[in-house]
> 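This is the structure I have questions about; it appears just below.
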Amino acid sequence: MTESDPEELDERLLVLSETELPEGSSPPWPGKAAPGGAVRVRPPAGPEGEPPGAEGEEDEEEPLLGSAASRRVAYAWDKEARLAAGTGRSTEMNLFLDDPEFAEIVLKAEQAIECEVFPERISQGSSGSYFVKDPKGKTIGVFKPKSEEPYGHLNPKWTKYFHKICCPCCFGRGCLVPNQGYLSETGASLVDSKLGLGVVPKTKVVWLVSETFNYSAIDRAKSRGKKYALEKVPTVGKKFNRIGLPPKVGSFQLFVEGYKEADHWLRKFETDPLPENTRKQFQSQFERLVVLDYVTRNTDRGNDNWLVRYEKQCDEMDLSNKDIQWTTDKDPIIKIAAIDNGLAFPFKHPDEWRAYPFHWAWLPQAKVPFSEETRELILPRISDMNFVQDLSEDLYELFKTDKGFDKPTFENQMSVMRGQILNLTQALKDGQSPIQLVQMPRVIVERSHGGSQGRIVHLSNTFTQTFHSRKPFFSSW
Ligand SMILES: Nc1ncnc2c1ncn2[C@@H]1O[C@H](COP(=O)(O)OP(=O)(O)OP(=O)(O)O)[C@@H](O)[C@H]1O
Ligand SMILES: [Mg+2]
(Lines give C-alpha, C1' and ligand atoms only; values in the text may rest on other atoms or scores of the structure.)
(Ligands and ions follow the chains in the order given, each with its own letter.)
Protein backbone atom coordinates (compact mmCIF):
# COMPACT_ATOMS: atom_id res chain seq x y z
CA MET A 1 0.00 0.00 0.00
CA THR A 2 1.20 3.46 -0.70
CA GLU A 3 0.21 6.63 1.06
CA SER A 4 -0.41 9.81 -0.86
CA ASP A 5 1.67 12.83 -0.08
CA PRO A 6 -0.35 15.29 1.97
CA GLU A 7 1.47 18.24 0.42
CA GLU A 8 0.29 17.27 -3.02
CA LEU A 9 -3.31 17.04 -2.00
CA ASP A 10 -5.65 19.85 -2.60
CA GLU A 11 -7.59 21.06 0.38
CA ARG A 12 -10.91 22.73 -0.25
CA LEU A 13 -13.34 23.95 2.29
CA LEU A 14 -17.05 23.81 2.12
CA VAL A 15 -18.81 25.45 5.03
CA LEU A 16 -22.40 24.57 5.67
CA SER A 17 -23.86 26.94 8.19
CA GLU A 18 -26.72 26.86 10.55
CA THR A 19 -27.95 28.49 13.72
CA GLU A 20 -26.45 28.07 17.11
CA LEU A 21 -27.62 25.42 19.53
CA PRO A 22 -29.07 26.59 22.79
CA GLU A 23 -26.21 27.44 25.13
CA GLY A 24 -25.46 25.50 28.23
CA SER A 25 -25.01 21.80 28.33
CA SER A 26 -25.98 21.46 31.93
CA PRO A 27 -27.52 18.17 32.91
CA PRO A 28 -31.06 17.90 31.61
CA TRP A 29 -32.21 16.44 34.90
CA PRO A 30 -31.08 17.19 38.42
CA GLY A 31 -28.67 14.87 40.15
CA LYS A 32 -27.54 13.17 36.97
CA ALA A 33 -24.15 11.55 37.31
CA ALA A 34 -21.39 12.85 35.10
CA PRO A 35 -21.28 10.07 32.54
CA GLY A 36 -18.47 7.78 33.41
CA GLY A 37 -17.84 9.74 36.54
CA ALA A 38 -18.74 9.74 40.18
CA VAL A 39 -21.94 11.22 41.49
CA ARG A 40 -21.35 13.89 44.05
CA VAL A 41 -24.09 14.19 46.59
CA ARG A 42 -22.98 17.72 47.31
CA PRO A 43 -20.45 19.81 45.41
CA PRO A 44 -17.00 19.66 46.93
CA ALA A 45 -15.32 22.73 48.28
CA GLY A 46 -12.35 22.61 45.92
CA PRO A 47 -12.21 23.43 42.21
CA GLU A 48 -14.89 21.73 40.22
CA GLY A 49 -14.45 18.02 40.23
CA GLU A 50 -11.78 18.10 42.85
CA PRO A 51 -12.63 16.92 46.32
CA PRO A 52 -11.29 18.63 49.37
CA GLY A 53 -7.82 17.45 50.26
CA ALA A 54 -7.06 16.11 46.81
CA GLU A 55 -3.64 16.22 45.23
CA GLY A 56 -1.99 19.60 45.33
CA GLU A 57 -4.45 21.21 47.73
CA GLU A 58 -3.89 22.57 51.21
CA ASP A 59 -5.92 20.77 53.77
CA GLU A 60 -6.19 22.42 57.12
CA GLU A 61 -8.83 22.92 59.74
CA GLU A 62 -11.12 20.02 59.09
CA PRO A 63 -11.66 17.67 62.00
CA LEU A 64 -10.07 14.27 61.73
CA LEU A 65 -12.19 11.18 61.99
CA GLY A 66 -9.52 8.88 63.42
CA SER A 67 -5.97 8.46 62.21
CA ALA A 68 -5.87 4.79 61.33
CA ALA A 69 -9.04 5.36 59.41
CA SER A 70 -7.87 8.56 57.79
CA ARG A 71 -8.02 7.13 54.34
CA ARG A 72 -11.37 5.68 55.20
CA VAL A 73 -12.51 9.26 55.57
CA ALA A 74 -11.96 9.53 51.85
CA TYR A 75 -13.18 6.04 51.16
CA ALA A 76 -15.90 4.85 53.47
CA TRP A 77 -16.24 1.17 52.73
CA ASP A 78 -19.80 0.96 53.81
CA LYS A 79 -21.88 1.93 50.83
CA GLU A 80 -24.86 2.79 53.01
CA ALA A 81 -22.68 5.18 54.92
CA ARG A 82 -21.40 6.68 51.71
CA LEU A 83 -24.89 7.16 50.41
CA ALA A 84 -26.04 8.61 53.67
CA ALA A 85 -23.04 10.84 53.99
CA GLY A 86 -24.01 13.65 51.67
CA THR A 87 -21.81 15.90 53.70
CA GLY A 88 -19.68 17.42 51.00
CA ARG A 89 -16.69 15.59 52.43
CA SER A 90 -14.42 13.39 50.36
CA THR A 91 -16.47 10.34 51.37
CA GLU A 92 -18.38 11.08 48.20
CA MET A 93 -15.45 10.70 45.87
CA ASN A 94 -16.21 7.28 44.47
CA LEU A 95 -19.95 7.03 44.35
CA PHE A 96 -21.45 5.25 41.39
CA LEU A 97 -25.12 5.28 42.26
CA ASP A 98 -26.16 4.23 38.79
CA ASP A 99 -23.70 1.35 38.59
CA PRO A 100 -23.57 -0.77 41.76
CA GLU A 101 -21.44 -3.44 40.07
CA PHE A 102 -18.73 -0.96 39.21
CA ALA A 103 -19.02 0.63 42.65
CA GLU A 104 -18.45 -2.77 44.18
CA ILE A 105 -15.26 -3.31 42.19
CA VAL A 106 -13.87 0.09 43.13
CA LEU A 107 -14.77 -0.65 46.72
CA LYS A 108 -12.73 -3.85 46.53
CA ALA A 109 -9.77 -1.90 45.17
CA GLU A 110 -10.06 0.54 48.06
CA GLN A 111 -10.29 -2.28 50.57
CA ALA A 112 -7.25 -3.95 49.06
CA ILE A 113 -5.23 -0.76 49.41
CA GLU A 114 -6.36 -0.48 53.00
CA CYS A 115 -5.05 -4.03 53.57
CA GLU A 116 -1.82 -2.98 51.88
CA VAL A 117 -2.42 -4.92 48.68
CA PHE A 118 -1.26 -1.99 46.62
CA PRO A 119 -1.69 -1.21 42.92
CA GLU A 120 1.33 -2.26 40.93
CA ARG A 121 2.89 -0.08 38.27
CA ILE A 122 2.75 -1.55 34.77
CA SER A 123 6.37 -1.64 33.74
CA GLN A 124 5.88 -0.99 30.04
CA GLY A 125 4.54 2.28 28.70
CA SER A 126 5.35 5.92 28.84
CA SER A 127 3.26 6.85 31.84
CA GLY A 128 2.28 5.74 35.29
CA SER A 129 -0.40 3.08 34.84
CA TYR A 130 -1.24 0.56 37.55
CA PHE A 131 -2.76 -2.88 37.86
CA VAL A 132 -5.23 -2.53 40.71
CA LYS A 133 -5.93 -5.56 42.89
CA ASP A 134 -8.69 -6.86 45.08
CA PRO A 135 -7.90 -7.82 48.69
CA LYS A 136 -6.88 -11.31 47.53
CA GLY A 137 -4.33 -9.87 45.13
CA LYS A 138 -6.28 -10.59 41.97
CA THR A 139 -5.99 -7.85 39.33
CA ILE A 140 -9.35 -6.18 38.83
CA GLY A 141 -8.59 -2.90 37.11
CA VAL A 142 -6.15 -0.63 35.35
CA PHE A 143 -5.78 2.80 36.95
CA LYS A 144 -4.15 5.68 35.10
CA PRO A 145 -3.79 8.76 37.29
CA LYS A 146 -4.01 12.14 35.60
CA SER A 147 -0.89 13.41 37.33
CA GLU A 148 1.19 10.50 35.98
CA GLU A 149 0.15 10.77 32.36
CA PRO A 150 2.99 11.25 29.87
CA TYR A 151 2.82 15.01 30.37
CA GLY A 152 1.47 15.04 33.91
CA HIS A 153 3.69 16.66 36.51
CA LEU A 154 4.28 13.40 38.38
CA ASN A 155 4.96 11.14 35.45
CA PRO A 156 7.36 8.54 36.78
CA LYS A 157 8.98 8.25 33.35
CA TRP A 158 10.23 11.79 33.82
CA THR A 159 11.90 12.26 30.43
CA LYS A 160 8.52 13.12 28.90
CA TYR A 161 7.83 15.77 31.51
CA PHE A 162 11.31 17.16 30.96
CA HIS A 163 10.56 17.19 27.24
CA LYS A 164 7.42 19.29 27.85
CA ILE A 165 9.22 21.80 30.07
CA CYS A 166 12.27 22.23 27.84
CA CYS A 167 10.56 22.06 24.50
CA PRO A 168 6.99 23.22 25.08
CA CYS A 169 6.32 24.12 21.46
CA CYS A 170 6.74 20.61 20.16
CA PHE A 171 5.67 18.29 22.90
CA GLY A 172 2.96 15.69 22.63
CA ARG A 173 0.37 15.45 19.92
CA GLY A 174 -0.50 18.92 18.78
CA CYS A 175 -4.11 17.93 18.17
CA LEU A 176 -4.86 16.57 21.65
CA VAL A 177 -5.70 18.36 24.86
CA PRO A 178 -2.64 17.68 27.02
CA ASN A 179 -2.96 15.83 30.29
CA GLN A 180 -6.56 14.75 29.88
CA GLY A 181 -5.85 11.17 28.88
CA TYR A 182 -7.93 9.80 31.72
CA LEU A 183 -10.96 11.63 30.32
CA SER A 184 -10.27 10.27 26.88
CA GLU A 185 -10.16 6.75 28.36
CA THR A 186 -13.46 7.33 30.11
CA GLY A 187 -15.02 9.12 27.13
CA ALA A 188 -14.19 6.15 24.88
CA SER A 189 -16.03 3.89 27.29
CA LEU A 190 -18.98 6.27 27.18
CA VAL A 191 -19.04 6.26 23.37
CA ASP A 192 -18.77 2.47 23.44
CA SER A 193 -21.78 2.06 25.67
CA LYS A 194 -23.89 4.71 23.88
CA LEU A 195 -23.27 3.00 20.55
CA GLY A 196 -23.77 -0.46 22.05
CA LEU A 197 -20.36 -1.63 20.82
CA GLY A 198 -19.25 -3.59 23.88
CA VAL A 199 -15.55 -3.55 23.04
CA VAL A 200 -14.19 -1.13 25.66
CA PRO A 201 -13.82 -2.56 29.15
CA LYS A 202 -15.92 -0.28 31.35
CA THR A 203 -13.92 2.78 32.37
CA LYS A 204 -14.84 5.54 34.79
CA VAL A 205 -13.21 8.40 36.62
CA VAL A 206 -12.09 7.24 40.05
CA TRP A 207 -10.08 8.65 42.95
CA LEU A 208 -7.49 6.40 44.55
CA VAL A 209 -4.61 6.81 46.93
CA SER A 210 -1.74 4.37 47.26
CA GLU A 211 1.79 4.46 48.53
CA THR A 212 2.88 2.86 45.29
CA PHE A 213 1.73 5.84 43.22
CA ASN A 214 4.27 8.46 42.31
CA TYR A 215 4.09 11.34 44.79
CA SER A 216 6.29 14.34 45.15
CA ALA A 217 8.80 14.36 47.98
CA ILE A 218 6.81 17.24 49.48
CA ASP A 219 3.56 15.25 49.57
CA ARG A 220 5.30 12.33 51.19
CA ALA A 221 7.05 14.57 53.71
CA LYS A 222 3.79 16.33 54.56
CA SER A 223 2.04 13.04 55.10
CA ARG A 224 4.86 11.76 57.34
CA GLY A 225 4.90 15.04 59.28
CA LYS A 226 1.19 14.92 59.93
CA LYS A 227 1.30 11.31 61.09
CA TYR A 228 4.09 12.25 63.45
CA ALA A 229 2.17 15.28 64.73
CA LEU A 230 -0.89 13.17 65.33
CA GLU A 231 1.08 10.65 67.36
CA LYS A 232 2.93 13.23 69.39
CA VAL A 233 0.39 16.04 69.72
CA PRO A 234 -3.05 14.59 68.98
CA THR A 235 -4.85 17.90 69.57
CA VAL A 236 -2.86 19.53 66.76
CA GLY A 237 -3.00 16.46 64.56
CA LYS A 238 -6.76 16.38 64.78
CA LYS A 239 -6.91 19.68 62.95
CA PHE A 240 -5.76 18.07 59.73
CA ASN A 241 -8.49 16.75 57.51
CA ARG A 242 -6.21 14.22 55.90
CA ILE A 243 -3.25 12.37 57.24
CA GLY A 244 -2.38 10.08 54.35
CA LEU A 245 -1.20 10.91 50.87
CA PRO A 246 -3.54 12.87 48.61
CA PRO A 247 -5.93 10.85 46.45
CA LYS A 248 -5.30 10.90 42.71
CA VAL A 249 -7.93 11.24 40.05
CA GLY A 250 -7.62 8.97 37.06
CA SER A 251 -9.30 6.50 34.78
CA PHE A 252 -10.18 3.12 36.20
CA GLN A 253 -10.74 0.46 33.57
CA LEU A 254 -12.00 -3.00 34.40
CA PHE A 255 -9.38 -5.65 33.85
CA VAL A 256 -10.36 -8.24 31.27
CA GLU A 257 -9.06 -11.77 31.68
CA GLY A 258 -7.85 -14.26 29.12
CA TYR A 259 -6.91 -11.65 26.52
CA LYS A 260 -3.65 -11.24 24.59
CA GLU A 261 -2.40 -8.40 22.44
CA ALA A 262 -4.03 -8.45 19.00
CA ASP A 263 -0.65 -8.81 17.27
CA HIS A 264 -0.25 -12.23 18.81
CA TRP A 265 -3.55 -13.59 17.51
CA LEU A 266 -3.41 -11.84 14.16
CA ARG A 267 -0.18 -13.63 13.39
CA LYS A 268 -1.68 -16.95 14.51
CA PHE A 269 -4.82 -16.48 12.39
CA GLU A 270 -2.65 -15.89 9.32
CA THR A 271 -1.22 -19.36 9.51
CA ASP A 272 -4.20 -21.04 11.12
CA PRO A 273 -7.37 -19.51 9.62
CA LEU A 274 -10.47 -19.25 11.78
CA PRO A 275 -13.54 -21.40 11.17
CA GLU A 276 -16.16 -19.49 9.18
CA ASN A 277 -18.53 -18.69 12.05
CA THR A 278 -15.70 -17.51 14.24
CA ARG A 279 -14.25 -15.46 11.42
CA LYS A 280 -17.61 -13.70 11.08
CA GLN A 281 -17.72 -13.08 14.79
CA PHE A 282 -14.20 -11.65 14.70
CA GLN A 283 -15.11 -9.46 11.73
CA SER A 284 -18.10 -8.10 13.62
CA GLN A 285 -15.96 -7.32 16.67
CA PHE A 286 -13.33 -5.75 14.44
CA GLU A 287 -15.93 -3.48 12.86
CA ARG A 288 -16.96 -2.31 16.32
CA LEU A 289 -13.36 -1.41 17.07
CA VAL A 290 -13.24 0.53 13.81
CA VAL A 291 -16.42 2.43 14.71
CA LEU A 292 -15.08 3.30 18.14
CA ASP A 293 -11.71 4.49 16.85
CA TYR A 294 -13.17 6.42 13.98
CA VAL A 295 -15.79 8.23 16.06
CA THR A 296 -13.34 9.13 18.83
CA ARG A 297 -10.53 9.71 16.30
CA ASN A 298 -8.12 7.66 18.34
CA THR A 299 -4.55 8.62 17.43
CA ASP A 300 -2.93 5.65 19.13
CA ARG A 301 -4.47 2.47 17.82
CA GLY A 302 -1.51 0.24 17.18
CA ASN A 303 -2.11 -3.49 17.23
CA ASP A 304 -0.67 -3.57 20.74
CA ASN A 305 -3.49 -1.39 22.02
CA TRP A 306 -6.29 -3.80 21.44
CA LEU A 307 -6.60 -7.23 22.89
CA VAL A 308 -8.17 -10.43 21.63
CA ARG A 309 -9.51 -13.35 23.58
CA TYR A 310 -9.68 -16.55 21.61
CA GLU A 311 -10.73 -19.72 23.31
CA LYS A 312 -11.75 -23.00 21.90
CA GLN A 313 -14.64 -24.39 23.87
CA CYS A 314 -14.09 -27.78 25.29
CA ASP A 315 -16.69 -30.50 25.50
CA GLU A 316 -17.55 -32.01 28.82
CA MET A 317 -14.22 -33.16 30.00
CA ASP A 318 -13.58 -36.79 30.60
CA LEU A 319 -11.78 -36.51 33.91
CA SER A 320 -10.21 -39.95 33.56
CA ASN A 321 -8.57 -38.75 30.40
CA LYS A 322 -6.09 -35.92 30.85
CA ASP A 323 -6.50 -34.78 27.27
CA ILE A 324 -9.18 -32.18 26.78
CA GLN A 325 -11.56 -33.13 24.00
CA TRP A 326 -12.15 -30.21 21.65
CA THR A 327 -15.48 -30.27 19.95
CA THR A 328 -16.21 -29.13 16.49
CA ASP A 329 -19.85 -28.24 17.03
CA LYS A 330 -19.23 -25.44 19.56
CA ASP A 331 -17.79 -22.27 18.08
CA PRO A 332 -14.70 -20.89 19.76
CA ILE A 333 -15.12 -17.69 21.74
CA ILE A 334 -13.57 -14.66 20.12
CA LYS A 335 -13.75 -11.18 21.64
CA ILE A 336 -11.96 -7.88 21.20
CA ALA A 337 -11.10 -5.46 24.01
CA ALA A 338 -10.18 -1.92 23.01
CA ILE A 339 -7.82 -0.74 25.74
CA ASP A 340 -5.55 2.30 25.98
CA ASN A 341 -7.96 4.93 24.66
CA GLY A 342 -6.14 7.85 26.25
CA LEU A 343 -5.11 9.55 23.01
CA ALA A 344 -8.49 10.17 21.41
CA PHE A 345 -10.89 13.13 21.08
CA PRO A 346 -8.54 15.55 19.25
CA PHE A 347 -9.67 19.16 19.04
CA LYS A 348 -8.61 19.28 15.40
CA HIS A 349 -7.78 16.69 12.80
CA PRO A 350 -4.13 15.73 13.16
CA ASP A 351 -1.88 17.78 10.89
CA GLU A 352 0.77 15.16 10.91
CA TRP A 353 -1.72 12.55 9.89
CA ARG A 354 0.90 10.20 8.56
CA ALA A 355 2.06 9.71 12.11
CA TYR A 356 -1.34 8.73 13.48
CA PRO A 357 -2.97 6.24 11.18
CA PHE A 358 -5.39 3.62 12.37
CA HIS A 359 -3.13 0.60 12.22
CA TRP A 360 -6.05 -1.75 11.71
CA ALA A 361 -6.50 -0.18 8.26
CA TRP A 362 -3.65 -2.37 7.02
CA LEU A 363 -5.39 -5.56 8.06
CA PRO A 364 -7.27 -7.70 5.54
CA GLN A 365 -10.41 -7.32 7.70
CA ALA A 366 -10.47 -3.62 6.80
CA LYS A 367 -11.12 -4.41 3.15
CA VAL A 368 -14.43 -6.11 3.87
CA PRO A 369 -17.55 -3.89 3.65
CA PHE A 370 -19.26 -3.23 6.97
CA SER A 371 -21.65 -6.05 7.79
CA GLU A 372 -25.40 -5.71 7.89
CA GLU A 373 -25.22 -6.38 11.61
CA THR A 374 -22.96 -3.37 12.23
CA ARG A 375 -25.04 -1.16 9.96
CA GLU A 376 -28.20 -2.10 11.82
CA LEU A 377 -26.58 -1.50 15.16
CA ILE A 378 -24.92 1.83 14.40
CA LEU A 379 -26.85 3.62 11.67
CA PRO A 380 -30.13 4.23 13.51
CA ARG A 381 -28.19 5.86 16.33
CA ILE A 382 -25.65 8.01 14.52
CA SER A 383 -27.98 9.21 11.81
CA ASP A 384 -30.20 10.73 14.49
CA MET A 385 -29.00 14.24 15.36
CA ASN A 386 -30.66 13.99 18.76
CA PHE A 387 -28.55 10.96 19.57
CA VAL A 388 -25.39 12.81 18.55
CA GLN A 389 -26.40 15.84 20.58
CA ASP A 390 -27.11 13.64 23.57
CA LEU A 391 -23.73 11.98 23.21
CA SER A 392 -21.90 15.30 23.16
CA GLU A 393 -23.86 16.49 26.19
CA ASP A 394 -22.85 13.37 28.09
CA LEU A 395 -19.24 13.93 27.09
CA TYR A 396 -19.55 17.53 28.24
CA GLU A 397 -20.72 16.38 31.65
CA LEU A 398 -17.67 14.16 31.86
CA PHE A 399 -15.02 16.47 30.41
CA LYS A 400 -16.09 19.56 32.34
CA THR A 401 -15.02 17.89 35.59
CA ASP A 402 -11.35 18.43 34.72
CA LYS A 403 -9.54 21.38 36.28
CA GLY A 404 -8.22 22.45 32.89
CA PHE A 405 -11.56 22.20 31.09
CA ASP A 406 -11.98 24.79 28.36
CA LYS A 407 -15.37 25.08 26.68
CA PRO A 408 -14.17 26.29 23.25
CA THR A 409 -11.64 23.48 23.11
CA PHE A 410 -14.33 21.01 24.04
CA GLU A 411 -16.54 22.41 21.27
CA ASN A 412 -13.71 21.80 18.84
CA GLN A 413 -13.38 18.22 20.06
CA MET A 414 -17.07 17.73 19.44
CA SER A 415 -16.80 19.32 15.98
CA VAL A 416 -14.23 16.71 15.02
CA MET A 417 -16.34 13.92 16.50
CA ARG A 418 -19.48 15.07 14.68
CA GLY A 419 -17.49 15.19 11.45
CA GLN A 420 -16.30 11.64 12.00
CA ILE A 421 -19.87 10.57 12.70
CA LEU A 422 -21.05 12.24 9.50
CA ASN A 423 -18.50 10.31 7.44
CA LEU A 424 -19.27 7.07 9.22
CA THR A 425 -22.98 7.50 8.55
CA GLN A 426 -22.28 7.98 4.85
CA ALA A 427 -19.89 5.05 4.68
CA LEU A 428 -22.36 2.72 6.38
CA LYS A 429 -25.22 3.88 4.17
CA ASP A 430 -23.08 3.30 1.08
CA GLY A 431 -22.01 -0.17 2.18
CA GLN A 432 -18.35 0.77 2.29
CA SER A 433 -15.44 -0.89 4.06
CA PRO A 434 -13.25 0.43 6.90
CA ILE A 435 -10.47 1.21 4.42
CA GLN A 436 -12.87 3.25 2.32
CA LEU A 437 -14.01 5.00 5.48
CA VAL A 438 -10.50 6.15 6.39
CA GLN A 439 -10.03 7.43 2.87
CA MET A 440 -12.94 9.82 3.16
CA PRO A 441 -12.24 13.55 3.31
CA ARG A 442 -11.97 14.92 6.81
CA VAL A 443 -14.97 16.83 8.05
CA ILE A 444 -15.69 18.98 11.05
CA VAL A 445 -19.20 19.86 12.08
CA GLU A 446 -19.27 22.81 14.42
CA ARG A 447 -21.85 24.96 16.07
CA SER A 448 -22.37 28.04 14.01
CA HIS A 449 -21.14 31.28 15.50
CA GLY A 450 -22.77 33.33 12.77
CA GLY A 451 -20.79 35.00 9.98
CA SER A 452 -18.33 32.13 9.53
CA GLN A 453 -15.87 32.34 6.72
CA GLY A 454 -15.96 30.24 3.63
CA ARG A 455 -18.77 29.13 1.43
CA ILE A 456 -21.93 28.83 3.41
CA VAL A 457 -24.71 26.45 2.59
CA HIS A 458 -27.76 26.00 4.76
CA LEU A 459 -28.53 22.37 5.31
CA SER A 460 -30.64 22.27 8.41
CA ASN A 461 -30.67 24.63 11.33
CA THR A 462 -28.23 23.27 13.80
CA PHE A 463 -24.61 22.96 12.77
CA THR A 464 -21.83 24.26 10.57
CA GLN A 465 -19.89 21.67 8.65
CA THR A 466 -16.39 22.27 7.43
CA PHE A 467 -15.39 19.78 4.87
CA HIS A 468 -11.74 19.18 4.04
CA SER A 469 -11.52 17.30 0.82
CA ARG A 470 -7.95 16.31 1.53
CA LYS A 471 -7.75 12.57 1.80
CA PRO A 472 -6.70 11.72 5.30
CA PHE A 473 -4.70 8.54 5.18
CA PHE A 474 -4.48 6.27 2.25
CA SER A 475 -4.82 7.19 -1.38
CA SER A 476 -4.54 3.61 -2.51
CA TRP A 477 -3.53 0.18 -1.38
N1 LIG B 1 -8.40 -3.43 30.76
C2 LIG B 1 -7.36 -4.23 30.65
N3 LIG B 1 -7.51 -5.56 30.83
C4 LIG B 1 -6.45 -6.40 30.70
N5 LIG B 1 -5.19 -6.00 30.46
C6 LIG B 1 -4.98 -4.70 30.27
C7 LIG B 1 -6.04 -3.74 30.35
N8 LIG B 1 -5.53 -2.52 30.14
C9 LIG B 1 -4.23 -2.69 29.94
N10 LIG B 1 -3.87 -3.99 30.01
C11 LIG B 1 -2.52 -4.57 29.86
O12 LIG B 1 -1.58 -3.60 30.28
C13 LIG B 1 -0.72 -3.22 29.20
C14 LIG B 1 -0.47 -1.73 29.25
O15 LIG B 1 -1.71 -1.06 29.15
P16 LIG B 1 -1.89 0.31 28.36
O17 LIG B 1 -1.38 0.15 26.97
O18 LIG B 1 -3.30 0.73 28.51
O19 LIG B 1 -0.94 1.22 29.27
P20 LIG B 1 -0.07 2.48 28.93
O21 LIG B 1 0.57 2.89 30.19
O22 LIG B 1 -0.94 3.48 28.25
O23 LIG B 1 1.01 1.92 27.98
P24 LIG B 1 1.59 2.52 26.63
O25 LIG B 1 1.99 3.93 26.91
O26 LIG B 1 2.76 1.62 26.35
O27 LIG B 1 0.55 2.37 25.59
C28 LIG B 1 -1.45 -3.67 27.94
O29 LIG B 1 -0.57 -3.97 26.92
C30 LIG B 1 -2.21 -4.88 28.41
O31 LIG B 1 -1.39 -6.02 28.38
MG1 LIG C 1 -0.56 0.71 25.30
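Every number for a ligand or one of its atoms is a count from 1 in the order of the listing.
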> Kindly confirm or rule out an N or O of Val142 lying under 3.5 angstrom from an N or O of ligand 1.
no
> Is the ring pair Phe143/Phe252 parallel, tilted or perpendicular, if the boundaries are 30 and 60 degrees?
tilted
> Return a yes/no value for Asp340: is any of its N or O atoms, backbone included, closer than 3.5 angstrom to an N or O of ligand 1?
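Yes - when backbone and side-chain N and O of Asp340 are compared with those of ligand 1, one distance drops under 3.5 Å.
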> Using a 6.0 Å distance limit plus a 45 degree cone around the ring axis, check whether Lys248 lies over the aromatic ring of Tyr215.
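Here Lys248 passes the 6.0 Å and 45° test against Tyr215.
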> Is it the side chain (CB and beyond), the backbone, both or neither of Ile339 that lies under 4.0 Å from ligand 1, heavy atoms counted?
side chain
> Is it possible for you to check whether Lys144 lies under 6.0 Å from the centre of the six-membered ring of Tyr130, through NZ or CZ, and within 45° of that ring's axis?
no
> Checking one value in my table: which N/O/S atom of Asp340 lies closest to the Mg ion (ligand 2)?
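This residue's closest N, O or S atom turns out to be OD2.
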> For the side chain to side chain contact (heavy atoms under 4.5 Å, CB included) test, which of Leu428, Val388, Thr425 pairs with Ser383?
Thr425
> Tell me whether the guanidinium CZ or amine NZ of Arg297 lies under 6.0 angstrom from the six-membered ring centre of Phe358 and within 45° of its axis.
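Because its charged atom sits under 6.0 Å from the ring centre and within 45° of the axis, Arg297 does stack over Phe358.
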> Find all atoms of ligand 1 within a distance of less than 4.0 Å from any non-hydrogen atom belonging to Lys144, and give their numbers and elements.
16 (P), 18 (O), 19 (O), 20 (P), 22 (O)
> Just to be sure I read this right, does ligand 1 sit under 4.0 Å from the backbone of Tyr259, its side chain, both, or neither, counting only heavy atoms?
neither
> Going from CG on Asn341 to CG on Asn305, what distance comes out if it is rounded to the nearest 0.5 angstrom?
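It is 8.0 Å, given to the nearest 0.5 Å.
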> For Arg381 and Lys194, indicate whether the former's side chain and the latter's backbone hold a donor-acceptor pair under 3.5 Å.
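Checked: pair present.
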> Using a plain distance cutoff, I'd like to know if Gln253 has any nitrogen or oxygen under 3.5 Å from a nitrogen or oxygen of ligand 1.
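Between Gln253 and ligand 1, an N or O pair is found under 3.5 Å apart.
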> Going by the atom numbers of ligand 1, which of them fall below 4.0 Å from some non-hydrogen atom of Val256?
2 (C), 3 (N), 4 (C)
> Hey, which atoms in ligand 1 end up nearer than 4.0 Å to a heavy atom of Leu254?
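Those atoms are 1 (N), 2 (C).
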> What are the atoms of ligand 1, with element, lying closer than 4.0 Å to any heavy atom of Asn305?
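Those of ligand 1 that fall under 4.0 Å from Asn305 are 17 (O), 27 (O).
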> So among Trp265, Phe282, Tyr259, which one has a ring-ring contact (aromatic ring centres under 6.0 Å, His included) with Tyr310?
Trp265
> If you measure every N/O of Glu261 against every N/O of ligand 1, is any gap under 3.5 Å?
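N/O-N/O distance under 3.5 Å: yes.
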